[in-house]
> 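Take this structure first; my questions come after.
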Amino acid sequence: MQLRQAMASTISAAAATSSHQYLRLVVVVAAVWLMLLSDGEALSLDYYVQRCPKAEAAVAAAVKQAMATDKTVPAALLRMHFHDCFVRGCDGSVLLDSTSNSRAEKDGPPNASLHAFYVVDNAKRAVEALCPGVVSCADILALAARDAVALSGGPSWPVPVGRRDGRVSLASETTALPGPTASFEQLKQAFHGRGLSTKDLVVLSGGHTLGFAHCSSFQNRIQPASVDPALRPSFAVALRRACPPNNTSSAAGSALDSTSATFDNAYYRMLLDGRGLLSSDEALLTHPKTRAFVSLYAASQGTFFRDFVESMLRMSALNNVAGEVRANCRRVNNH
Ligand code: HEM
């Protein structure tokens, strides 16, 4: 698609935003588009307009329907998209099931707590019924993550589409995902290594405005003998109550912020208040530059929303592979 056409689509899709916000959005979409030119087929905003005009609506309906009975769905979809993009790019590799020959990403340790894959399956069934073999699983996940944010009270944005699904998914590669005890330097490297900035790290960590973490993800910070001094003492006590040392429940844990079903900027306010849940969240306060972004987003939800959209556009555009459109998101196609 020509750049002018991409811009025209952006104009209509972003009509709801203010002119300044809109201009920034256009610049980011254009940058993503240009970046992708060198990677074979470019993503575009109107890829499905002719090929499957009702695809986006079908994905949104599947997300909405699942959310009606399962409040954990938005967080799950947003995290799933992040884990997809950080391993082999946004190619739907996280959606593949393991086979008798190979353990897939899904079964790698950092992905053990991913869930709600059924929502992607439902969306895929819906789009296959409309236009078989056209809409990739990777695109479905990128769209579903956007819808999850928007339907939780966060911003919405036009998602460039046309991703292809990869044919490789290896549990061993999930060690590249940053873990909850990652230091600032490790987090920075994980993002820089994928062409994302330190600012993207702070903005996208704001995804922790949604959802939940199991005790194992923050147990290291609440040991009675060595409580992390960065934690507000009353918060550490509450977390220890939720996760006692003898806890055996695999469902135990804590919400990532105080309004964990709503996409807002409470995550940043809690972080400044000594109530950030993960060490990796806390790490954002250890460097003056990232601390300044945390303060900025804590003070202005509008700025957080605007920057989140820009960073999501960058992350969602990682590594457009020359793959296929899977018939079933859990399996590669038979050739
Ligand atoms: C910066 C590095 C990051 C680290 C180290 C990290 C780590 C984690 C960990 C350990 C959990 C809890 C898992 C569990 O105990 O079940 C979690 C949950 C979550 N993460 Fe991250 N994360 C990072 C970045 C991101 C990004 C970039 C996003 C999305 C933009 C994101 C979205 C989420 C969401 C929504 C949840 C809640 C999932 C649920 O409730 O099902 N995270 N993350």
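We use all heavy atoms of the structure for the numbers below, so side chains are in, but hydrogens, waters and symmetry mates are not.
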> Could you tell me whether the side chain of Trp157 reaches within less than 4.5 Å of the side chain of Val149, counting heavy atoms only?
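A side-chain contact exists here, since the closest heavy-atom pair is under 4.5 Å.
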> Would you please name every residue forming a side chain to side chain donor-acceptor pair (under 3.5 Å) with Ser300, sequence neighbours left out?
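For Ser300, the residues satisfying side chain to side chain donor-acceptor pair (under 3.5 Å) (neighbours in sequence not counted) are Thr303.
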> Distance-only, no hydrogens or angles: does the Ser152 side chain make a donor-acceptor pair with backbone N or O of Gly154 under 3.5 Å?
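A pair under 3.5 Å: no.
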> So, Asn122 side chain and Ala62 main chain: donor-acceptor pair closer than 3.5 Å or not?
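No; judged by distance alone, with no hydrogens or angles, the pair does not exist.
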> Find out whether Pro233 and Val227 are in side-chain contact, i.e. whether some heavy atom of one side chain is under 4.5 Å from a heavy atom of the other.
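No, side chains not in contact.
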> Nearest 0.5 Å please: distance from the SG atom of Cys137 over to the CG atom of Asn328.
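The distance works out to 7.5 Å.
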> Would you give the length of the straight line joining atom CG of Leu78 to atom OG1 of Thr209, rounded to the nearest 0.5 angstrom?
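Result: 10.0 Å between the selected atoms.
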> Compare every heavy atom of Cys90 with every heavy atom of Ala138, then report the nearest pair and how far apart it is.
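Answer, listing the atom of Ala138 first, then Cys90: CB-O, 3.4 Å.
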> Under 3.5 Å, side chain of Thr175 to main-chain N/O of Ser172, donor-acceptor pair present?
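Here the side-chain-to-backbone pair exists.
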> So do Phe212 and Leu256 actually touch side chain to side chain, heavy atoms under 4.5 Å?
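In short, these two side chains do not touch, never coming nearer than 4.5 Å.
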> Under 4.0 Å between a Lys/Arg side-chain N and an Asp/Glu carboxylate O for Arg163 and Asp91?
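No, no charged N to carboxylate O under 4.0 Å.
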> Could you see if Leu77 belongs to whatever hydrophobic cluster contains Leu143? Use Ile, Leu, Val, Met, Phe, Trp, Tyr and a side-chain cutoff under 4.5 Å.
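Result: yes, single cluster for both.
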> Going by distance alone, is a donor N or O of one side chain under 3.5 Å from an acceptor N or O of the other, for Ser316 and His81?
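His81 and Ser316 do have a side-chain donor-acceptor pair below 3.5 Å.
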> Hey, does Cys243 have a side-chain heavy atom less than 4.5 Å from the side chain of Ile222?
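Counting from C-beta outward, Ile222 and Cys243 do come under 4.5 Å.
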> With sequence neighbours excluded, give me every side-chain hydrogen bond (donor to acceptor under 3.5 Å, both in side chains) pair touching residues 230-240.
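The answer is Arg232-Asp273.
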> Mind listing the closest non-hydrogen atom pair of Leu151 and Ala60 along with its distance?
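That would be CD1-O, 4.5 Å.
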> State yes or no: do Tyr48 and Val120 share one hydrophobic cluster built from I, L, V, M, F, W and Y residues joined by side-chain heavy-atom distances below 4.5 Å, directly or via other members?
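They do share one cluster, since a chain of ILVMFWY contacts under 4.5 Å joins Tyr48 to Val120.
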> For the residue pair Ala182 and Leu187, what are the closest heavy atoms and their distance?
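Minimum heavy-atom contact is CB-CD2, 3.7 Å.
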> Using the ring pair (Phe, Tyr, Trp, His ring centres under 6.0 Å) criterion, which residues pair with His83? Sequence neighbours excluded.
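Ring pair (Phe, Tyr, Trp, His ring centres under 6.0 Å) check on His83 returns nothing, list empty.
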> Closer than 3.5 angstrom, by distance alone: can the side chain of Ser169 be matched with the main-chain N or O of Glu105 as a donor-acceptor pair?
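Checked: pair present.
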> Before accepting this row, confirm whether a basic side-chain N of the pair Arg167/Glu324 lies closer than 4.0 Å to the acidic partner's carboxylate O.
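Judged by the 4.0 Å cut-off on N to carboxylate O distance, Arg167 and Glu324 do form a salt bridge.
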> Quick test of your reading: applying ring pair (Phe, Tyr, Trp, His ring centres under 6.0 Å), list the pairs with at least one residue in residues 171-206, sequence neighbours left out, ordered by first then second residue.
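As it turns out, the ring pair (Phe, Tyr, Trp, His ring centres under 6.0 Å) pairs with a partner in residues 171-206, which skip direct neighbours, are Phe86-Phe191, Phe184-His287.
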> Which residue is it: Phe308, Tyr268, Tyr267? I am looking for the one with a ring-ring contact (aromatic ring centres under 6.0 Å, His included) to Tyr297.
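Among Phe308, Tyr268, Tyr267, the one meeting ring-ring contact (aromatic ring centres under 6.0 Å, His included) with Tyr297 is Tyr268.
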> On a heavy-atom basis, which atom in Met67 and which in Val73 lie closest, and how many Å separate them?
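For Met67 versus Val73, the nearest heavy atoms are CG-CG1, 4.0 Å.
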> So do Ser311 and Leu196 actually touch side chain to side chain, heavy atoms under 4.5 Å?
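Leu196 does not reach Ser311 side chain to side chain.
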> Spell out, as yes or no, whether a donor-acceptor pair under 3.5 Å connects the side chain of Asp165 to the backbone of Val325.
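The answer is no, because no donor-acceptor pair under 3.5 Å joins these two groups.
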> Measuring only between side-chain heavy atoms, which start at C-beta, is Arg164 closer than 4.5 Å to Ser136?
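A side-chain contact is absent here, since even the closest heavy-atom pair is not under 4.5 Å.
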> Under 4.5 Å between side-chain heavy atoms, hopping through other hydrophobics if needed: is there a path connecting Leu177 to Val94?
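Yes, it is one cluster - the side chains of Leu177 and Val94 are joined through contacts under 4.5 Å.
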> Under a 3.5 Å distance rule, please check whether Arg221 uses its side chain to pair with a backbone N or O of Leu277 as donor and acceptor.
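Side chain of Arg221 to backbone of Leu277: a pair is present.
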> For residues 91-144, which residue pairs qualify under ring pair (Phe, Tyr, Trp, His ring centres under 6.0 Å), counting only residues two or more places apart or in two chains?
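Checked against ring pair (Phe, Tyr, Trp, His ring centres under 6.0 Å) - neighbours excluded - no pair reaches residues 91-144.
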> Passes side-chain contact (heavy atoms from CB on, under 4.5 Å), Ser98 versus Lys106? Steps please.
CA-CA 7 Å; Ser98 293; Lys106 222 179 231 182; 5.6 Å; no
> Measure the CG-CD distance between Asp70 and Gln65 for me, rounded to the nearest 0.5 Å.
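Asp70 atom CG to Gln65 atom CD measures 12.0 Å (nearest 0.5 Å).
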> I'd like to know whether CD of Glu173 has more than 12 heavy-atom contacts from other residues, nucleotides or ligands below 6.0 angstrom.
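Enclosed: over 12 neighbouring heavy atoms sit under 6.0 Å from CD of Glu173.
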> For Arg291, I'd like to know if atom CZ has over 12 heavy atoms of other residues, nucleotides or ligands within 6.0 Å.
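No, because the 6.0 Å sphere around CZ of Arg291 holds 12 heavy atoms or fewer from other groups.
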> Hey, which of Asp228, Thr181, Leu278 is the one that makes side chain to side chain contact (heavy atoms under 4.5 Å, CB included) with Asn220?
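The side chain to side chain contact (heavy atoms under 4.5 Å, CB included) with Asn220 is passed solely by Thr181 among Asp228, Thr181, Leu278.
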> Looking at Gln223 and Gln219, would you say the former's side chain and the latter's main chain have a donor-acceptor pair under 3.5 Å?
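At least one qualifying donor-acceptor pair exists.
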> Any donor-acceptor pair under 3.5 Å linking the side chain of Arg194 with the backbone of Ala190?
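Yes.
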> With a 4.5 Å limit on heavy-atom distance, are the side chains of Glu310 and Met315 in contact?
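Sidechains of Met315 and Glu310: no contact.
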> Any Lys/Arg nitrogen of Arg314 or Asp200 sitting under 4.0 Å from an Asp/Glu carboxylate oxygen of the other?
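Here Arg314 pairs with Asp200 in a salt bridge, since their nearest N and O are under 4.0 Å apart.
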> If two hydrophobic side chains count as joined below 4.5 Å and joins carry through other members, does Leu201 share a cluster with Met270?
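Per the 4.5 Å side-chain linkage, Leu201 and Met270 are not co-clustered.
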> Test Asp257 against Arg269 for side-chain contact (heavy atoms from CB on, under 4.5 Å), laying out the working first.
CA-CA 9 Å; Asp257 86 1; Arg269 285 186 271 115; over 6 Å; no
> For the SG atom of Cys85 and the CG atom of Leu141, what is their distance to the nearest 0.5 Å?
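Spacing of SG (Cys85) from CG (Leu141) equals 7.0 Å.
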> Hydrophobic clustering (ILVMFWY, side-chain heavy atoms < 4.5 Å, transitive) - are Val168 and Val321 grouped together?
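Per the 4.5 Å side-chain linkage, Val321 and Val168 are not co-clustered.
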> Please test Arg330 against Asp121 for side-chain contact (heavy atoms from CB on, under 4.5 Å), starting from the C-alpha separation and ending with a verdict.
CA-CA 8 Å; Arg330 292 172 180 270; Asp121 293 335; 2.7 Å; yes
> Using a strict cut-off of less than 4.0 Å between a Lys/Arg side-chain nitrogen and an Asp/Glu carboxylate oxygen, indicate whether Arg125 and Glu128 qualify as a salt bridge.
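Answer for the salt bridge query: no.
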> Taking all non-hydrogen atoms of both residues, which atom of Ala76 and which atom of Ala116 are closest, and how far apart?
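Ala76 and Ala116 have their closest heavy atoms at CB-CB, 3.7 Å.
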> Give me the atom names and distance for the closest heavy-atom approach of Val134 to Cys52.
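Closest heavy-atom pair between Val134 and Cys52: CG1-CB, 4.2 Å.
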> If you measure from CG on Leu96 to CG on Asp107, what distance do you get to the nearest 0.5 Å?
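If I round to the nearest 0.5 Å, the distance is 11.0 Å.
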> Considering only residues two or more places apart or on different chains, which pairs with a residue in residues 215-255 satisfy ring pair (Phe, Tyr, Trp, His ring centres under 6.0 Å)?
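Applying ring pair (Phe, Tyr, Trp, His ring centres under 6.0 Å) to every pair that reaches into residues 215-255, excluding sequence neighbours, yields nothing.
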> Check the pair Leu45 / Val161 against side-chain contact (heavy atoms from CB on, under 4.5 Å), numbers first and verdict last.
CA-CA 6 Å; Leu45 291 169; Val161 282; over 6 Å; no
> Give a yes or no answer on whether the side chain of Thr262 reaches the backbone of Asp264 with a donor-acceptor pair at less than 3.5 Å.
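Looks like no, no N/O pair under 3.5 Å.
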> Using side-chain heavy atoms (C-beta onward) and a distance below 4.5 Å, is Ser93 in contact with Asp84?
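Result yes, sub-4.5 Å side-chain heavy-atom pair found.
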> Answer yes or no: is there a donor N or O on one side and an acceptor on the other, between the side chain of Thr290 and the main chain of Leu284, under 3.5 Å?
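It does hold such a pair.
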> When rounded to the nearest 0.5 angstrom, what is the spacing between CZ in Arg275 and CG in Asp281?
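It is 13.5 Å, given to the nearest 0.5 Å.
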